[in-house]
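Naming: A, B, ... by sequence-line order, numbering from 1 per chain. FYI, side chains are in, hydrogens and waters are out, and symmetry mates aren't considered; it's all heavy atoms of this structure. Model, not experiment: these values are computed from the prediction.
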Amino acid sequence: MGDKKSFYLTTPIYYVNDAPHIGHAYTTVAGDVLTRWHRQKGEAVWFLTGTDEHGQKVLNTAQANKVAPQQWCDNLVESSWKPVWRDLNIANDDFIRTTESRHMERVQRFLQGLKDDGFIYAGKFEGPYCIGCEEFKLPGDLDEGKCRIHSKPVEMLSEENWFFKLSAFREELLNHYKKNPEACQPASARNEVISFLEGEVRDLSISRSTFDWGIPVPWDTKQVIYVWFDALLNYATAVGLGDDADSEGGKKFAKTWPADVHLVGKDILRFHAVIWPAMLMAAKVAIPKKIFAHGWLLVGGEKMSKSKLTGIAPSDITKDFGVDAFRYYFLRAIPFGTDGSFSWEDMSARYTSELANDFGNLASRLIAMIEKYCENTIPAVATEASLAKQLAETVKSADEAICALDFQGGINSIMDFCKRINGYVTETEPWKVAKDPARKAELDLILYNTADALRALAVLLHPVMPESTEKLWESLGANTSIGSIAEQKISEVAKWGQLPAGSKVTKTPVLFPRLEENK
RNA sequence: GGCGGGGUAGCUCAGCUUGGUAGAGCAAGCGGCUCAUAAUCGCUGUGUCGUGGGUUCAAAUCCCGCCUCCGCUACCA
């Protein structure tokens, strides 16, 4: 630990316009699994999530609900967002809100710095403005020059704004992404960023004067900082951006920055892959090592959305399947980086086949046999070389895959090992061996190998399914014999024979109960 | 419109760079087993590879056209 840099991972900070749905949870769970994995590799880790609370939309929503914007945010954060992450077993180290003073002060200082260095200038923002909506519209929001909401022609209005010299960094960004393929993944995302940068890049208006829910521009307090400029900075303000090197914030910053991975949905890729690093380049701060854009969850072939009634709350799923199955399903079923379709049928099928039948049932049969044939006690340590070899290969490929954010590949290889153990038990037929007292040693050997394989499976699956693997861990008596599951190291897990003989095994309720018929 | 990606077994997808009898998992059927959550293990079938042409001894794979779905084409987050 000590002064070594932490593996620093962030999720986007979510816009507090509404309650979280499974799309938000997908990103956060992925971040949680990756950071738990790195922790079990023995690395120092810092995992940040949070909420984005400024901007016109939040203001409008708050006003529509007749509450002050700050109160709106407070309510939503405390009653919706934080509880969801707690319920999903998200082990974030920090939670930042953009309305916190630690954030706002650092943002103002950062912006002032850019201004002092000549990267900010006064300019005119011009765009189609709808009087009815009281806001600027995007070209895509218009139907033949009319606002879609009010069906009235929009006016071209201009507003005096502060601009950031984004264009000055086009070349440098382009070179960066061309030279460093791992800086933006998957490849499809990187290609989009590169093709964007190969076109014309214009400067960015970074302040707004038509509403006041935001961080004031330090030298022009009639304007607030554009919400994206404000929001992106959270990743750095949360760990002490700009603080004196020997202050607490400065030390934290030195230990975390630059971020190792920013997880984002592909819809916000450009903000993270273009604007954000340009801001940092201007301030002469190191840029993040990797932007990873994952895909969308599709429901019935369409992007999930609340307006189309396809928005699903995490609790809709966890109440039937449990938190672990939720965490497992999305990472196992969908290649991270491509869109994936969610369906209750697929969710149920995988739950039953992979979790209940393959994994949960393997634990059941082992525990039952130890109980029946070995008086609840783990027998003498033994080693089946072929299993040990396969475990070593499993750990290697799972580690490579997960560190490369290929969750599907990683989980797959772990579950393949699980299947192999089911096969081992069936082939060695311990229930037959048990009938012959002369074959007691053989029986012990089979059951020991199976138990130690389950020990490894519990550790490997712990980052994905912390709750059920913990149950299995306790059931194997490993808690008292070799310590807590979270402390087990990935690098050690393949060492065969760690479960000590004599550990007391206890029967627990099934890990993944069968689903009710009518689901 | 321009650029990019996809359309392969009932379902989810791999294969296409480097042409040569079409693959995996799940679901389904059959058999084994009974330690286990009617579970597990083994075996089996499954396809005009979107469509029309072309190149070739040979094309899911290469070339051209077409149909269809999706993404990007900047300042709502």
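- With distances taken from any side-chain atom of A/Arg514 to the nucleotides B/rC33, B/rA38, B/rC41, the minimum falls on B/rA38.
- B/rC49 sits 12 Å from B/rG10 when the P atoms are compared, rounded to a whole Å.
- Of the candidates B/rA74, B/rU34, B/rU40, the closest approach to any side-chain atom of A/Lys432 belongs to B/rU34.
- A perpendicular orientation is assigned to the rings of A/Phe512 and A/Tyr351, their planes being inclined by more than 60° (bins at 30° and 60°).
- Across B/rC33, B/rU37, B/rA74, the shortest atom-to-atom separation from the side chain of A/Leu511 is found for B/rU37.
- Of the candidate nucleotides B/rU37, B/rU40, B/rG25, B/rU40 has the atom lying nearest to any side-chain atom of A/Asn357.
- A donor-acceptor contact shorter than 3.5 Å links the side chain of A/Asp324 to the backbone of A/Ser468.
- Listed pair A/Asn191 / B/rG5 fails the phosphate criterion, with no side-chain N or O lying under 4.0 Å from OP1 or OP2.
- Taking side-chain N and O atoms only, A/Tyr226 has a distance below 4.0 Å to OP1 or OP2 of B/rA77.
- Note: A/Phe342 and A/Phe330 meet the aromatic proximity criterion, with ring centroids under 6.0 Å apart.
- Among the atoms of the strands shown, base atoms are found under 4.0 Å from some heavy atom of A/Val201.
- Judged by distance alone with a 3.5 Å cut-off, a donor-acceptor contact links the side chain of A/Lys57 to the base of B/rC76.
- Put simply, the side chain of A/Asn234 reaches to within 4.5 Å of the side chain of A/Leu48, judged on heavy atoms.
- For the pair A/Lys435 NZ and B/rC35 P, the interatomic distance rounds to 6 Å; values are reported in whole Å.
- Between B/rA77 and A/Trp228, a contact under 4.0 Å exists linking OP1 or OP2 to a side-chain N or O.
- Of the candidates B/rU73, B/rA77, B/rU40, B/rA77 carries the atom nearest the A/Phe271 side chain, counting heavy atoms from C-beta on.
- The separation between A/Phe196 atom CZ and B/rG71 atom C1' is 15 Å, rounded to whole Å.
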